[in-house]
Amino acid sequence: MKKRKSQKKDTLSLVVDDVVYTTYPNKKYQQRKPYAPLNPKIITSFMPGNIQKVFVKKGQKVKEGSELCVLEAMKMKNVILSPADGTIKRVNIQEGDIVSKNHPLVELQ
Amino acid sequence: MSIKQKTLDLKKRMQSAIQGGGAKAIEKQVAMGKMTARERIVSLLDPNSFHEYDLFVEHSAKDFDMDKKHLPGDGVITGTGTISGFPVCIYAQDFTVAGGSLGLMHARKIGKIMDHAMKLKIPIIGINDSGGARIQEGVNSLAGYGEIFYRNTQASGVIPQISVILGPCAGGAVYSPALTDFVFVVDKISKMFITGPEVIRSVLGEEITMEELGGARVHSEITGNAHFFSESEEECFQKIKKLVSYIPWSNKKKAASFPKKAPKSKQYRIDNIIPTDPREPYDVRDIIKSISDDSEFFEVQELYAANMVIGFGRLNGQTVGFVANQPLILAGVLDVDSSDKAARFIRFCDAFNIPLVTLVDLPGYLPGIDQEHSGVIRHGAKILYSYSEATVPKVTVILRKAYGGGYIAMCSRHLKADFVFAWPTAEIAVMGPEGAANIIFRHEIMNASNPEETRQRKVDEYKQKFANPYVAAAHGYIDAVIEPGETRKFLLHALEIAEEKDEKGPEKKHGIPPF
């Protein structure tokens, strides 16, 4: 039988139904990301791609459905629309930028 | 020509075809730290047992100057042979011939040997080492993949299918291994991905190496695509041989039986493994080894979702599939990955007549936002589905904790386990004592003059009354409360009694498991 006592320092205290268990984490558990709630004011890229066109500037007023930018991804030109009426607080992208998934593109006030 | 001359001519043709991509390409293969396709087959199979077919198959592509190219065997070696006397069909892609690329005839050879395996009802082993589709052959190459996937699916649950990734396996090619039962990978040699680092760089501007993206470790630890991780090709072949000894040739047969051997009871003392405090960890594999023949346990997916342990062992010389919670990792909880891992293994064992022995010690399902959002409901349901569906003998031993949903899921009586045994250390309850007391006595604790003291008293009361196997035994949910030292005896008897078990589910085309 292997003695695991020497590994004590890496232990994880896992709480299930108010009981604290002494155990060890696995790699995936260590790599998990904390939850961040969605901010409806920040429009993010739904998939990775490159920014072909940007239609809006800081301070510009937009309506729900206004075109914000074109995200080319997987050989498709996707027009990103504003989800609500508002004023543009920040534009985080320039034409030609390569963005990853969930990259904040445009922020509304 | 005389027969002698014709025979000489045949020998010359064979000699030339066997060279594959030629000396230079072989040199390159060796420089990459890889064996050639032929060497691989020879080292895996019993000496002199390999018989090759379709050596003279050639492609008939014409576009892009393909008509001027001669590709020996079209880049794949196929045949039959034996492993420790067990017959197998085998193919190995030859990277030295056009990068092992898959063209129409290459795919037809693979399809043909798979058809053989299906007809003969023997396992199929595929060694993958290929740059992917042969682009010059266009849509014919895609057709080739599709026909392999179709055969993989038809063969699923009929004959064991083993994939060995010994080189690149990229794009559509990954889906044949993904459809098979066991995937073997070797460190620094195996590479599997849908889109490679170059596409990721050009589309996303993100830099990642092949190893980090889809190396052997990634698939063994993170994705769960691989089942067996080895440091070298030689080690990998040893593991394949071992696996073949544990599984039957087809779903119509039972796995071969071996001479029975007692466990190494001095090394694995079943009475001394588990701490009585249910919050303390231990290695459940030591319990398995204290039960199994010769204390042997052949673990599957050792590095992936290690909070669940699955693998093969023998009891009285007969193969059984062990499924056990591992308190050492994440307290042995059920989560998305561990449910998925166990469910697939249970279905393999059920399809191939391998009895299931389940060892239970878990606090329940893992709480957390990431689990809920990753679909722990849907994935967690897989384990319920596969245990309920399985008709092979199912024997469950509850070692310690069996709380809530975890108790039900781990092959409880309610999912039609044939026998459920519990150790005296078992705690079969709706949830852990602390959680239960906090809910049931909430008002009493809140209104007490000393809430902490009251809480502790209530927890102790609950433990006293419910944290044992006897409440469940009183309802008949447990067949027997047994001493740890009697576990093997009870298991051997249960499996002997259940040997001719012939249970059939209701007639249907197929169920709809929560994929």
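These numbers come from the heavy atoms of this one structure, side chains and all, not from hydrogens, waters or symmetry mates.
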[X] atom [atom1], neighbour heavy-atom count above 12 within 6.0 Å:
X        : atom1 : answer
A:Gln94  : CD    : no
B:Arg442 : CZ    : no
A:Gln60  : CD    : yes
B:Ile440 : CD1   : yes
A:Gln31  : CD    : yes
B:Gln464 : CD    : no
A:Met76  : CE    : no

Is it the backbone or the side chain of [X] that comes under 4.5 Å from a heavy atom of chain A, or both, or neither?
X        : answer
B:Lys401 : side chain
B:Asp337 : side chain
B:Tyr403 : side chain
B:Ala437 : neither
B:Ser374 : neither
B:Leu366 : side chain
B:Gln326 : neither
B:Pro363 : both
B:Val333 : side chain
B:Ile329 : both

Quiz item: Between A:Val99, A:Val20, A:Leu12, which residue shows the highest count of heavy-atom pairs closer than 4.5 Å to chain B?
Solution: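 Top option by heavy-atom pairs under 4.5 Å: A:Val20.
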
Quiz item: Which region of A:Glu72, side chain (C-beta onward) or backbone (N, CA, C, O), has a non-hydrogen atom less than 4.5 Å from a non-hydrogen atom of chain B, or is it both or neither?
Solution: neither

Quiz item: Which residues pass the side chain to side chain donor-acceptor pair (under 3.5 Å) test with A:Asn50, sequence neighbours left out?
Solution: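 Applying side chain to side chain donor-acceptor pair (under 3.5 Å) to A:Asn50 gives none.
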
Specify the closest pair of heavy atoms between [X] and [Y], including all atoms of both residues, with the distance to one decimal.
X        : Y        : result
B:Glu434 : A:Val19  : OE1-CG2, 3.2 Å
A:Val16  : B:Tyr365 : CG1-O, 4.2 Å
B:Leu328 : A:Thr23  : O-OG1, 2.9 Å
B:Ala305 : A:Asn26  : CA-ND2, 4.3 Å

Find the distance between [atom1] ([X]) and [atom2] ([Y]) and round it off to the nearest 0.5 Å.
X        : Y        : atom1 : atom2 : result
B:Glu206 : A:Lys101 : CD    : NZ    : 12.0 Å
A:Lys28  : B:Leu330 : NZ    : CG    : 11.5 Å
A:Tyr21  : B:Asp277 : OH    : CG    : 9.5 Å
A:Lys33  : B:Asp370 : NZ    : CG    : 11.0 Å

Practice problem: Return yes if some donor-acceptor pair links the side-chain N/O of A:Thr22 with the main-chain N/O of B:Glu280 below 3.5 Å, else return no. | Solution: no

